[in-house]
Amino acid sequence: MMSTLSHFRFGLDAALPDELLVGNGFLLHVRGWCYSANSQIKFLSIVAGGVVTSVPNHSWARADIFAEHCPSSDVSGNSLLSGFEAFVPFEAAMVAGPASAPREVEVTLRATLRNGAVEERRLGQITLQPGHGATPTIVTWPEPDEPRVAVCMATFNPPRDLFVKQIASLQAQTHRNWVCIIVDDHTDYERYEHIRYLVKSDPRFFLFQNKVRRNFYLNFEEGLRRTPADADFVALCDQDDVWHPDKLATLVAAFGEDTQLAYSDAQVVDEAGAVRSTTFWTTRRNNYTDLPTLMVANTITGAASAFRASMLPDILPFPVAIGPTFHDHWIGLTALVKGRITYVDRSLYDYVQHSEGVIGHNYHEWPGFAAAAKDVLRALPRPREMARRAAMQLRQSVNDHQFVQQRVMLARTLLLRHPQAEQKRRDQLQRFARLETSFAAAAAEKIAATRSGRATLNLEGMYLWAMTGTRLRNFAFRMKRRDLVRLRIEQPGSRLLHAVIAGDPRSATEGPLGGPPAPAPEQNQAKRIGTSVLEFGSTKWINHNISPLTLDVSDAHPKRVNLLLATIDFRYVFGGYIGMFNLALRLSRDGYRARIILHEQTDWKLDDWRRQIQKYPGLTTLFDEVEVISRFDRGLPVEVNPEDRFVATNCWAAHIAHNTLQQLGGSRFLFMVQEYEPYFLPMNSISALFQQAYTFPQVALFSTELLRDFFREEKIGVFSRPNAEANAMIFNNAIQQFHPRREQLQRSRRRLLFYARPEDHAARNLFELGMIALARLVQDPRIDLAKWSFHGIGSIDRTNMLELAPGVPLELVPKTSLQDYIDMMPNFDAGLSLMLTPHPSLVPLEMAAAGMLAVTNTFANKTAARLEAISANLIGVAPTVEAILEGLVEAMRRVEDVEGRLAGARVAWPSDWDSAFPAETMSRIHEFLDSK
C-alpha cells in the first residue's frame, strides 16, 4: 500500500487485514513508512476505532524508501528517516456486548510535523470479529469415563516411514480416550494421500487440509481451533516422533489443581531410531518456573506437552508472528501466566532429530558484543574492509531487532489477555513490553540474566546489541542525510550504509561478509558407503518406472477400470492425451467406474485442471465424472477390487499394468497403442523395455488402421501370437472440424505452414529435414517467392528470428486457443508436417481438412497411396530432403486447384469422438472388461 497525496507520502509494508479475531485481546503489528517533503515528523500515532495509539518508533532509517524516492520525489531527504513500527491494541471490549456482533473500524495514520502541521491519512478498514475463532470438531469419545484428550497434529510433507511410526505410537497409547485432529498444511498430493490412507480406517482421527500453505505456526493454530468443545486436555503432536505407550497417561496424571500445562523430557534419536541422547537437556538447562527466562528462551517443546483445553480462549488467536515464532513458546508462556507448569522428569517420546525439522535439538549461544567488535577490529589496518564489516554488523543488528519486537508482541498480548494475572507476572511482562522503546530495559534484562545465570543462551545480549545497533544505524543515517541526498544525485548507484560509515561507496557491497555460507557437508560425506545398484544413476529411475503399484485389495472396494496415464500437464495435451481422456469418459458414461492413475511425477493442480479442461469441447466434465489419483510414489496403496481391470496408455504403463496384475492373479490388460514407442528412442535399455511391453499378455486398442497394419505386417505384439485378430481393435483420434471457403482458397497471396517442433522428445517430427528442405525451396527457381510467405507453428520460441534466406523470414505463429486454431488453419494453402513413425499423425490430417495441400512423409506401410486414400490433399513423400522438396513444389503448384482442395478437405477420418470409437470397438472393449 502506498499513497502520494501532496507533500506527505506513506505506505505499509503489508496491507492491513480485512478482519481480525479479537478474542480476549489482540495486538496488531503495523510496519511501514511515512514522511513529509516539507518537514520532519515530530509525533506519530495510529487511530483505530477512535482509540489513539502512540507510535514511538518512527523516523527510523529506511534506505529502500530513500533509494526509491530521492531525488525524483524527495529532494529533502526526509524519506531516508521514514520508517515506523507500531503495536495497535484491540481489546475484547471493542466487540463485547449482548449481540457480540462484528464491528467495522477505520484505521488512520496521524503525523504531527515539526512545523506544526498535522497530517492524517486513512490506512484502511478492519472488521473486528468477536470470539477466538473456534470451529470445534464434533467427535465421539472412545472411553467416555476417562479424561478426554484431543491430540493436535500439524503435518506438511511428512516422511512416510516416520509418519507411520508416529501414528502407530498414538494408536498404542495406554490412555484410550483420545481423538486426533490432523491439520495438513497443503502437503503434496501423494503424501497427503498417504496420510489419508493411513488414518481412514481409525475413527479417532479427523483429517483436515489447508487450501494454501500457511506455515507450521498458523497450522497449529488451525488445529487448536478445531479442538472438540468438550475436550479436557490438548496434547500437541509432531508428524515424525514416536510416543512411548504411557505418554498421554503420564501427562494427564501430572496435572494438579493449578497445573495448566505438563511436559516431559525426550529421548533424542536419529531418523533410523538410533539413540543420540537419553535426554533433551544436553546443551542447555531446563526451565518451567521463571517467566523472564521462558520469555527469552523457550524450553517447552510442543511435542512433549499437554495443556488444559480451558486455556484455548487465552491462546487463540495466536499473536502475529514477527520473525521465527513458535506455537509451543506462546502456549508455554500463557500457561505460566495463568498458573503452574509441571515437568515430568523422564523421556515420554523419541524426538527425531533430522535436517527437515522446523527446529532442532542443537542450540548455540549468541556470541555477544565482544565478538561483533572483534570482527570489525580485525580489519583495523584496512579502513574499507573495516567499514564493510561495520556495515554488515549494523545490518545484522537490524535483522536481530525482530526478536526484540517479537518479545514485545508476546508480552503485550499476554498483558491484554490477562488483566487479572498475579501482579508479579504483570510486572515481569511490563519489563519486556518496555523493550519497544527502552534501551535501559534491555540493559536491565542483560544484567539480570548475568547475575542470575539464566539458561537463555545470552539472547539478552543479542537484544541489547540489536537495540544498540539499530539506533546507531538510525543515528548514522540522520547525521549523513544531507550528504546522502547529494550522493544520490551525483552517484545514484551508491551503497548507502557503506557511504555513511566510510564516506566512500566505491568498493562496498550490501551482501553478507564473504558471500553466502558454504553448504554444510553431508553427514556421511567423509565415509565410503556402498551404493545399491538399483540406486545408481539412471537405473534408479528406470527401475522405478517399471515397478508395480502397491495394492489394497478388498471385495469391499468398488470394481474399477484403471487407466494408467503418465501425467497431466496441459502444456502437452495434444491428440494422444485427448484420446485417452475421451476413452475414460466413454467408459464412465457406459457404466464403468473409470479411474485415471498418474504414474509419473505430477504437479497436482486439480482445480486448475478443471479450469483448463473447459477449453476442450466434449471433455469439460472429465474431472467430475472420472476419478483421478497419482501414484508416482509406488509405496502408496491403491484401493482395488480383485476384479479391477487395467488400461495401459504407454509402454511404461504396460510394465506397471503387467507387474501389478501379478498381485491380482490376472494376466491381460488393455493396451491403448498410439504409436510404436521404441521408435521414439535410440537403441538403449529403455528401447528394450518398450519392445518388451508389447510382448505381455494384452488386448491391443490401436490408434488407426495404419498402425494396426504395421504391427500385423511386422508381427509385433498381439500379432506375434495366435488368435491375433481377436485381440486387436482400432479407433481413430478425432480431428478438428474445419470449414474452408472457396473465397478463402482463391486469395492471391499464398501462405505455407510448417509444423516445427525442435525439442528432443519430438525428434520423430524431423524438424531439421523440414528446415533444410524449406531453405532449399526458397532458392528453387520453380517457386515464385513474391506470391508466398512462410510460417511456423509448434514450439519454437517466438523470440527466435529465423530466416529461410536473407529477407525471407519464417514467421512464427503465436500460441492460440483451440477455436482460433480452427479459424486460422484455412488461411494457409500448403502445409508441411513430418512424422517418422507408422502413425499418420493428426496434424497433416487437419491441414488437409482445412484445405491445405499437406506434405508428409511415408513410412513402412504408411504409403503415399494409403495417405491419398484418406485425402487427396495429402502428398506422401520419402523422408529425405530431396523428396520433401519435390513434395513442396508439387503442393505449391496445385494450390490453384481450388475445387480439388475443397474436395480433399472432406477427409475420410472422424471429426467427432462418437465416430472415433465405433460401436463395434466399444462392444469389444466392454467384452474384455466384463470377462472373468
Side-chain angles (χ1 to χ4, degrees), residues 536-546 564-580 598-603 632 648-656 672-694 703 707 710 733 753-775 791-804 810 812-815 831-844 847 855-860 862 878-881 884:
F536 182 75
S538 59
T539 306
K540 177 180 179 179
W541 177 76
I542 292 173
N543 183 58
H544 176 273
N545 282 358
I546 63 176
L564 295 162
L565 270 66
T567 187
I568 294 178
D569 186 334
F570 276 86
R571 292 175 298 174
Y572 309 112
V573 172
F574 302 124
Y577 264 92
I578 293 173
M580 302 173 210
L598 307 175
H599 60 82
E600 291 187 0
Q601 196 143 29
T602 297
D603 187 8
F632 176 74
T649 61
N650 58 66
C651 285
W652 290 125
H655 278 271
I656 297 168
M672 193 176 188
V673 181
Q674 302 203 68
E675 193 54 273
Y676 183 59
E677 294 181 44
Y679 283 158
F680 296 179
L681 303 159
M683 301 300 285
N684 58 16
S685 296
I686 301 174
S687 178
L689 287 168
F690 280 16
Q691 292 177 54
Q692 182 192 15
Y694 301 104
S703 170
L707 186 60
F710 171 79
N733 294 78
L753 183 65
F754 173 39
Y755 183 52
R757 296 188 64 194
E759 61 267 34
D760 289 343
H761 69 263
R764 59 192 180 279
N765 290 116
L766 305 180
F767 170 77
E768 297 81 6
L769 290 190
M771 292 294 271
I772 295 169
L774 287 171
H791 306 264
I793 189 171
S795 56
I796 301 181
D797 187 341
R798 292 187 70 213
T799 58
N800 289 310
M801 302 296 292
L802 298 177
E803 288 188 323
L804 299 174
L810 179 67
L812 300 175
V813 178
K815 188 173 182 179
L832 174 60
S833 179
L834 306 171
M835 175 75 90
L836 193 65
T837 63
H839 196 284
S841 177
L842 301 185
V843 177
M847 287 178 168
V855 177
T856 189
N857 63 281
T858 58
F859 184 93
K862 184 173 71 175
T880 67
V881 172
I884 295 168

Next on the checklist: Is there a side chain to side chain contact (heavy atoms under 4.5 Å, CB included) between L707 and V673? Walk through the geometry before answering.
Outcome noted: CA-CA 8 Å; L707 186 60; V673 181; 4.0 Å; yes
Item to check | Residue pair H544, F632: steps toward the ring-ring contact (aromatic ring centres under 6.0 Å, His included) verdict | outcome: CA-CA 9 Å; H544 176 273; F632 176 74; 4.4 Å; yes
Next on the checklist: Before you tell me yes or no, could you show the steps for L834 and N765 under side chain to side chain contact (heavy atoms under 4.5 Å, CB included), namely the whole-Å CA-CA distance, both residues' side-chain angles and the distance that decides it to 0.1 Å?
Outcome noted: CA-CA 5 Å; L834 306 171; N765 290 116; 5.6 Å; no
Checklist entry - Does the side chain to side chain contact (heavy atoms under 4.5 Å, CB included) test come out yes or no for M847 and S833, once each step is laid out? => result CA-CA 9 Å; M847 287 178 168; S833 179; 4.0 Å; yes
Checklist entry - Could you go step by step and tell me if L753 and L832 meet the side chain to side chain contact (heavy atoms under 4.5 Å, CB included) rule? => result CA-CA 6 Å; L753 183 65; L832 174 60; over 6 Å; no
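Outside the 6.0 Å centre-distance limit, the rings of Y755 and F767 are not counted as a close aromatic pair.
Within the 4.5 Å cutoff, no side-chain heavy atoms of M835 are placed close to those of V843. Residues I578 and N733 form no side-chain contact, since every pair of their non-hydrogen atoms from C-beta on lies 4.5 Å or further apart. Considering only heavy atoms from C-beta on, I686 comes within 4.5 Å of I542 through its side chain. The closest side-chain heavy-atom distance from E675 to P838 is below 4.5 Å.
C651 contributes atom SG, which lies 8.5 Å from atom OH of Y676 (distance to the nearest 0.5 angstrom). Atoms CG and CG, from L802 and L774 in turn, are 11.0 Å apart once rounded to the nearest 0.5 Å.
Shortest non-hydrogen contact noted between G770 and F754 is CA-CZ, 3.9 Å. Of all heavy-atom pairs spanning K862 and N857, the tightest one is CE-O, 3.2 Å. Closest approach of N545 and I656 over heavy atoms only: O-CG1, 3.4 Å. In terms of heavy atoms, S687 sits closest to P682 at CB-O, 3.3 Å. The shortest heavy-atom contact between A878 and T858 is CA-OG1, 3.7 Å. Nearest heavy-atom pair across G576 and Q674 is O-NE2, 3.1 Å.
Taking the six-membered ring where the residue is Trp, F710 and F859 present tilted rings, their angle falling between 30° and 60°. Taking the six-membered ring for Trp and thresholds of 30 and 60 degrees, H655 and W652 have ring planes inclined between 30 and 60 degrees apart.
Y577 is linked by a side-chain contact (heavy atoms from CB on, under 4.5 Å) to L565, A566, T567, V573, M580, F581, counting only residues two or more places apart in sequence or in another chain. With sequence neighbours left out, the side-chain contact (heavy atoms from CB on, under 4.5 Å) criterion links A775 to no other residue. Looking at residues two or more places apart in sequence or on another chain, you find no side chain to side chain donor-acceptor pair (under 3.5 Å) involving T880.
For the pair R764 and F680, the distance from NZ or CZ to the six-membered ring centre is under 6.0 Å and the angle to the ring normal is within 45 degrees.
The neighbour count for E803 CD, taken as heavy atoms of other residues, nucleotides or ligands under 6.0 Å away, is above 12.
Residues H599 and N650 have side chains that bring a donor and an acceptor to within less than 3.5 angstrom of each other.
With T649 contributing its side chain and L564 its backbone, the two residues share a donor-acceptor pair below 3.5 Å. A donor-acceptor contact shorter than 3.5 Å is absent between the side chain of S841 and the backbone of H839.
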